[in-house]
Amino acid sequence: MNLPGHPHVGYRGTELQVEQLGARELAQRFGTPLYVYSKQSMLDALAPWQRALRGRAHLLCYAMKANSNLAVLQLFAQAGCGFDIVSGGELERVLAVGADPRKIVFSGLGKTRTEMARALQVGVRCFNVESEAELEVLSEVAHGLGRRAPVSLRVNPDVDAKTHPYISTGLKDNKFGIAHERALATYRRAAELPGLEVVGIDCHIGSQITEIAPYLDALERVLDLVEAIEAAGLRLRHVDLGGGLGITYTDEAPPAADVLLAQLLARIDARGHGHRELLFEPGRSLVGNAGVLLSEVLYLKPGVDGGKSFCVVDAAMNDLMRPAMYQATMGIVATTLRDEPPRVYDVVGPVCESGDWLGRDRALAVRQGDVIAVLSAGAYGMSMASNYNSRGRAAEVLVDGAQAHLVRERESAAGLFAGEHLLS
Ligand SMILES: *Cc1c(COP(=O)(O)O)cnc(C)c1O
């Protein structure tokens with residue numbers, strides 16, 4: 001029986017399995033907290049994107065901030081993906097797995113000159129530029145290196161992605177992108193600057209989007225701009241519609257990628273833009289439901305006088321920030337089903353913050369020493385982990401059938417302060 005949204009995570013008998021391996025055994029073998037990813041789930045999540053775009057000029061750029069483990073990047077590079085990066089650090093990571101720089105788009109609203117220069121030197125495919133000021137600096141940097149930077153302007157279509165305010169990015173008052181009204185003037189400026197070559201247009205309206213309508217609204221506005229920009233004599237080679245497709249955490253029902261794409265492609269064709277190269281930047285939807293976070297139950301604290309009961313586990317907000325940061329609800333299950341009545345717990349970590357919780361009011365039949373699994377933890381889990389409370393970051397394992405690959409070692413205590421210095 002597979003868990004909702006998780007094609008390769010489910011119970012065999014009483015034991016939770018990731019592909020063919022038992023979660024509890026993985027926890028015993030590698031320790032906890034432990035991120036476990038299913039390789040096949042990632043490939044299965046990618047397949048409908050690739051299928052829907054087959055026969056068209058396109059590039060799928062995995063938005064690697066969702067999960068930037070080298071083995072995950074390697075998997076997507078080998079599957080033919082490009083990458084959407086947002087920092088110089090991410091650039092070095094994808095280069096380290098041998099990814100083709102010409103398949104990298106560089107997003108982000110605060111690129112430094114150093115990051116720009118490095119990306120120009122390796123020859124990234126495109127800079128997604130987010131402000132007029134950035135455009136001027138990029139031109140200067142490129143000109144100084146005797147190059148022309150390929151640019152796309154990230155336009156802000158001012159549509160409501162109907163998602164959490166912290167992950168909505170396409171509204172007028174978000175910090176992202178160039179306002180729709182300013183786009184044409186900014187393209188004109190880009191065309192004048194000596195260090196730039198205009199190649200495309202992009203948008204990214206938010207994350208964990210579970211409806212098709214916001215995408216269609218954004219598409220219409222972007223195509224309006226494409227037409228206006230080309231009427232002004234500029235050429236755009238590609239249209240990049242960003243990422244943001246949601247996943248099922250508990251009861252969300254996002255469209256399947258191929259259903260979303262079929263509707264977008266139909267509109268693109270109907271408006272006569274079918275010849276254009278299309279880029280997408282999916283992140284969460286490729287990796288979110290491929291991962292679980294395993295954690296040991298350290299202590300059970302029964303509620304006093306009908307108050308809350310706590311299930312204290314060894315994973316915390318530093319390992320998985322989404323609940324603390326976005327009040328995100330993620331599924332939590334026992335890795336061994338017990339034939340006992342469940343009790344309702346707040347599942348909390350050891351960090352000294354009341355915001356350090358992984359789940360609230362969860363019915364669980366668990367005992368001290370059991371291992372729980374936080375579901376849908378493949379995206380924005382490990383990539384957002386910190387060392388708060390001087391906690392070493394978790395290990396990561398990639399499961400491929402009946403094989404477990406340790407793809408990141410648990411961070412050691414010595415590693416925590418390796419770069420620090422005492423006063424001499
Ligand atoms: C984060 C991000 C993405 C990926 O978003 P998901 O919701 O993970 O699909 C794509 N493009 C840009 C510019 C981003 O910042």
Side-chain angles (χ1 to χ4, degrees), residues 5 42 45-46 48-49 59-69 72-73 76 81-87 89-91 94 103-111 115 119 124-131 134 151-157 159 161-171 174-178 200-212 214-215 218 222 238-249 252 254-257 260-261 264 278-291 321-322 325-326 328 376-384:
M42 293 184 188
L46 177 63
W49 290 90
L59 183 63
L60 283 168
C61 293
Y62 166 54
M64 63 175 283
K65 72 178 188 287
N67 185 326
S68 52
N69 182 284
V72 172
L73 302 181
F76 285 116
C81 288
F83 295 92
D84 172 62
I85 64 168
V86 293
S87 73
E90 288 197 343
L91 177 58
V94 276
K103 290 186 176 177
I104 297 173
V105 299
F106 194 170
S107 295
L109 77 165
K111 301 176 197 76
E115 289 173 323
V124 300
R125 180 195 163 107
C126 181
F127 290 84
N128 290 347
V129 171
E130 299 216 15
S131 66
E134 182 192 341
V151 295
S152 158
L153 298 191
R154 175 170 175 179
V155 297
N156 185 335
V159 301
K162 301 201 177 67
T163 182
H164 188 282
Y166 278 18
I167 50 178
S168 181
T169 56
L171 282 165
N174 291 133
K175 68 177 178 177
F176 299 100
I178 292 164
I201 188 167
D202 66 285
C203 73
H204 171 70
I205 57 173
S207 202
Q208 186 51 20
I209 300 168
T210 55
E211 293 172 40
I212 294 180
Y215 278 105
V222 168
H238 76 245
V239 174
D240 175 349
L241 295 171
L245 180 59
I247 61 170
T248 301
Y249 282 98
E252 304 88 338
L260 170 66
L261 286 175
L264 291 173
L278 295 175
L279 272 62
F280 289 91
E281 304 166 352
R284 185 191 315 266
S285 56
L286 297 185
V287 293
N289 276 343
M321 189 124 89
R322 298 189 66 258
M325 184 148 157
Y326 314 114
S376 315
Y380 304 105
M382 187 62 180
S383 63
M384 291 174 83

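First listed ligand is number 1; within each ligand, the first listed atom is number 1. Model, not experiment: these values are computed from the prediction.
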S.K.: Could you work out, with ring pair (Phe, Tyr, Trp, His ring centres under 6.0 Å) as the rule, every residue matching F280, not counting sequence neighbours?
M.R.: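 Per chain and number, F280 pairs via ring pair (Phe, Tyr, Trp, His ring centres under 6.0 Å) with W49.
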S.K.: Any cation-pi pair here, R154 with F127, using under 6.0 Å and within 45°?
M.R.: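 Output no; distance or angle outside limits.
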S.K.: Output the set of protein residues with a heavy-atom contact under 4.0 Å to ligand 1, ordered first by chain identifier and then by residue number.
M.R.: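 Within 4.0 Å of ligand 1, the protein residues are A63, K65, D84, S107, R154, H204, S207, G243, G244, E281, P282, G283, R284, Y380.
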S.K.: Please determine which of L73, L59, L46 meets the side-chain contact (heavy atoms from CB on, under 4.5 Å) test together with C81.
M.R.: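 Going through the options one by one, the only one that passes is L46.
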S.K.: Y215 side chain to L245 main-chain N or O, any donor-acceptor pair under 3.5 Å?
M.R.: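 Looks like yes, one N/O pair under 3.5 Å.
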S.K.: Kindly give the heavy-atom pair with the smallest separation between E134 and G108, and that separation in Å.
M.R.: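 Heavy-atom minimum between the residues: OE1-O, 3.9 Å.
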S.K.: Regarding E281 and N128, is there a side-chain donor-to-acceptor distance under 3.5 Å anywhere?
M.R.: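 On atom types as modelled, these side chains qualify, holding a pair under 3.5 Å.
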